[in-house]
Participant: 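My questions will all concern the structure given below.
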Amino acid sequence: METYDFIVIGSGPAGRRAAVQAAKLGHSVLVVEGRRRVGGVSVHTGTIPSKTLRETALNLSGWRERGFYGSSYRVKKEIRGEDLGIRLTKTLEHEVDVLEHQFQRNNVRTIAGTARFLDPHRLNIRCVDDSDLVVSGERILIAVGTVPFRPESIPFDDDHILDSDAVIEAPRVPRSLTVIGAGVIGIEYATIFSALDVPVTLIEPRESFLDFIDREIIQEFVHILRDRGTIIRLGSKVVKIEKGKDGWPVTTLEGGRTIRSDMLLYAAGRMGATDPLDLAACGLAVDARGRLAVDPKTFQTAVPHIYAAGDVIGFPSLASTSMEQGRIAACHAFGLPMPPAPQYFPYGIYAVPEISTVGMNEEEVRARGIGYECGIARFRETSRGHIMGLSNGMMKMLFSLKTRRLLGVHIIGEGATELIHIGQAVLNLKGTLDYFIENTFNYPTLAEAYKIAALDAWNRMPKVAC
Ligand SMILES: Cc1cc2nc3c(=O)[nH]c(=O)nc-3n(C[C@H](O)[C@H](O)[C@H](O)COP(=O)(O)OP(=O)(O)OC[C@H]3O[C@@H](n4cnc5c(N)ncnc54)[C@H](O)[C@@H]3O)c2cc1C
């Protein structure tokens, strides 16, 4: 039986960061990955493919130039599934290649197969060639991620009715699209296809969506989407999804209303991929969504030598945070405890337009009874915005009236997911409004919005003599 200091189950962001970190600390490491190639959901069906599809859609549709040349402007007149697929295949190949090389360079062994626990230290691996292998690990990390939630009642056919994994596997441009679930994934795909001029209907059973985002940003977002023809049905419960005679899905809402579309994307949540692990054999149990509980500082499960990180432990379920969790878990496992991650991390939603946020939103600041002032900048007020032909986009910053500390930054518009890091640095370094007032920003940039928003707040705040 092969034995290792560290066995990592799953090669997504959490698993790969943990594996490389443990190897760099001089330990023998095995990564077991259920797919034929490493990378996890992040590389094969989640983060990277969806962002690549977004980039392709924006480039081929000429989306970024429409502010200047009008909404009928297109770089490529007829965009087909194959056009979307080319960039996807190339990007994924490159990502996997880089990862495989990283594992090789660091002497991390990888096995393609599905792991299940035999006891708290031993795992059986059903390899992709159907052979079985038993391995033992002194410490183990569970980084198996999630799978899409697929209710039995929905007639998925991976062509007209798909989940978020299938939509990317053989992308096509539908004549019309219904998206069920206004979570991050549903929103991203709804807006990417809408940028390709596909008529989109977004259905969400709750009256609101993306509740962790500042409401003013969401209002702006809804306005932009409706303005370009996206139908958003909030508070609409789906009672039935069936296939019509032509194969097109028909969605029936409570109250009897029906929506027929060429494609239906069901994006109503994901489940921890813990079923195949046989966790009872190592003394662990999961919650109703298949997720594991961990100590949030060390990422240890109830069995101290077994760690869990990434989407399998639930919120925030981001590739970015999963990587950090994996690294912290590996360091802790080998006696190198890390300081806890800073309180505020950025959240990026790669919709069209992008949304990104860090720190407290206005609703949270109010709920905590903190006296605050808010500053707003519109991208169209910046020279870079004029050059780029941006018609929308805004930044909102919140500052404490008492301490002048930055409390939160909320951005919607082009480049939001990059711009947010300036706000993140100031926030986590406990900076104040004065940073933005005193410092010079490159000109013309979208980052100038920080200056404009800060001055907007400053003009309304009590002045401090210099
Ligand atoms: C459509 C979509 C878009 C996203 N966009 C973003 C984004 O823009 N930014 C962002 O930060 N995050 C994004 N995410 C989330 C991000 O993909 C996840 O947070 C991240 O992939 C989680 O990483 P992980 O390490 O938990 O494992 P995953 O990436 O989920 O990988 C887990 C791996 O474990 C393997 N595995 C499972 N069970 C076993 C087993 N028993 N034996 C062996 N191997 C097993 C699986 O095959 C899989 O490859 C997106 C997700 C989706 C679905």
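Every heavy atom of this structure was used, including side-chain atoms; hydrogens, water molecules and symmetry mates were not. Every number for a ligand or one of its atoms is a count from 1 in the order of the listing.
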Participant: Show me which atoms of ligand 1 lie under 4.0 Å from any heavy atom of Leu277.
Facilitator: 41 (N)
Participant: Could you tell me if any non-hydrogen atom of Ser317 lies under 4.0 Å from any atom of ligand 1?
Facilitator: yes
Participant: For atom 47 (O) of ligand 1, what is the nearest protein heavy atom, given as residue, atom name and distance?
Facilitator: Glu33 OE2, 2.7 Å
Participant: My understanding is that we take every heavy atom of each candidate and find the minimum distance to atom 45 (C) of ligand 1. Doing that for Ala319, Gly34, Pro148, which one comes out nearest?
Facilitator: Gly34
Participant: If only side-chain N and O atoms count, and only distance matters, is there a donor-acceptor pair under 3.5 Å linking His160 with Asp262?
Facilitator: yes
Participant: State, with a plain yes or no, whether a side-chain heavy atom of Pro276 is found less than 4.5 Å away from one of Arg116.
Facilitator: no
Participant: Decide, yes or no, whether a salt bridge links Asp311 with Arg291 under the criterion of side-chain N to carboxylate O below 4.0 Å.
Facilitator: no
Participant: Answer with side chain, backbone, both or neither: which part of Ser320 has a heavy atom less than 4.0 angstrom from an atom of ligand 1?
Facilitator: both
Participant: Does ligand 1 have an atom under 4.0 Å from some heavy atom of Arg270?
Facilitator: yes
Participant: For Gly113, take its heavy atoms, then give the atoms of ligand 1 lying under 4.0 Å from any of them.
Facilitator: 42 (N), 43 (C)
Participant: Would Gly310 count as a polar contact of ligand 1, with the cut-off being nitrogen or oxygen pairs under 3.5 Å?
Facilitator: no
Participant: Ion pair present between Asp275 and Arg289, side-chain N to carboxylate O less than 4.0 angstrom?
Facilitator: no
Participant: Measuring from atom 24 (P) of ligand 1, which candidate in Ala309, Gly10, Pro13 has the nearest non-hydrogen atom?
Facilitator: Pro13
Participant: Just need the protein heavy atom nearest to atom 17 (O) of ligand 1, so name the residue and atom and give the distance.
Facilitator: Thr47 OG1, 2.8 Å
Participant: If you measure every N/O of Tyr350 against every N/O of ligand 1, is any gap under 3.5 Å?
Facilitator: no
Participant: Which part of Arg16 is near ligand 1, with near meaning a heavy atom under 4.0 Å away: side chain, backbone, both or neither?
Facilitator: neither
Participant: Does any donor atom in the side chain of Glu448 or Thr382 lie under 3.5 Å from an acceptor atom in the other side chain?
Facilitator: no
Participant: Considering non-hydrogen atoms of the protein only, which is the closest contact for atom 42 (N) of ligand 1, and what is the distance?
Facilitator: Ala115 N, 2.9 Å
Participant: Counting only nitrogen or oxygen atoms and a 3.5 angstrom limit, does Gly46 reach ligand 1?
Facilitator: no
Participant: Closest by any non-hydrogen atom to atom 25 (O) of ligand 1: pick that one out of Gly145, Ala143, Gly39, Ala14.
Facilitator: Ala14
Participant: Once you measure the plane-to-plane angle for Phe315 and Phe212, does it fall in the parallel (<30°), tilted (30-60°) or perpendicular (>60°) bin?
Facilitator: perpendicular
Participant: Quick check on Gly326 - does any of its heavy atoms sit under 4.0 Å from an atom of ligand 1?
Facilitator: no
Participant: Looking at side-chain heavy atoms only, is the closest gap between Ile185 and Arg270 below 4.5 Å?
Facilitator: yes
Participant: Looking at Glu82 and Arg87, is any side-chain nitrogen of the basic one under 4.0 Å from a carboxylate oxygen of the acidic one?
Facilitator: no
Participant: Does an N or O from Lys51, backbone or side chain, lie closer than 3.5 Å to an N or O of ligand 1?
Facilitator: yes
Participant: Would you tabulate the side-chain donor-acceptor contacts of residues 388-398 under 3.5 Å, counting partners in other chains and residues two or more places apart, or write 'none'?
Facilitator:
from: Lys396; atom 1: NZ; to: Asp214; atom 2: OD1; distance (Å): 2.8
from: Lys396; atom 1: NZ; to: Asp214; atom 2: OD2; distance (Å): 3.3
from: Lys396; atom 1: NZ; to: Glu216; atom 2: OE1; distance (Å): 2.6
from: Lys396; atom 1: NZ; to: Glu362; atom 2: OE1; distance (Å): 2.4

Participant: For this output row, return yes or no: ring centroids of His27 and Phe334 closer than 6.0 angstrom.
Facilitator: yes
Participant: Would you say that Ile411 contacts Thr357 through its side chain, given a criterion of any heavy-atom pair below 4.5 Å between the two side chains?
Facilitator: no
Participant: Looking at Ile9, which atoms of ligand 1 are within less than 4.0 Å of one of its heavy atoms?
Facilitator: 40 (C), 42 (N), 43 (C)
Participant: Please tell me whether Asn59 and Thr56 have a donor and an acceptor in their side chains that are separated by less than 3.5 angstrom.
Facilitator: no
Participant: May I ask you to list the atoms of ligand 1 that are less than 4.0 angstrom from any heavy atom of Ser50?
Facilitator: 3 (C)
Participant: Check each heavy atom of Val144 against ligand 1 and say whether those closer than 4.0 Å belong to the side chain, the backbone, both or neither.
Facilitator: both
Participant: More than 12 heavy atoms of other residues, nucleotides or ligands under 6.0 Å from NZ of Lys76: yes or no?
Facilitator: yes
Participant: Return the closest protein heavy atom for atom 28 (P) of ligand 1 as residue, atom name and distance.
Facilitator: Val41 N, 3.5 Å
Participant: For ligand 1, which atoms, with element, lie under 4.0 Å from some heavy atom of Asp311?
Facilitator: 18 (C), 19 (O), 20 (C), 22 (C), 26 (O)
Participant: Heavy-atom contacts with Ser42 under 4.0 Å: which atoms of ligand 1 show up? List them by number with element.
Facilitator: 17 (O), 21 (O), 29 (O)
Participant: Using a strict cut-off of less than 4.0 Å between a Lys/Arg side-chain nitrogen and an Asp/Glu carboxylate oxygen, indicate whether Glu354 and Arg54 qualify as a salt bridge.
Facilitator: yes
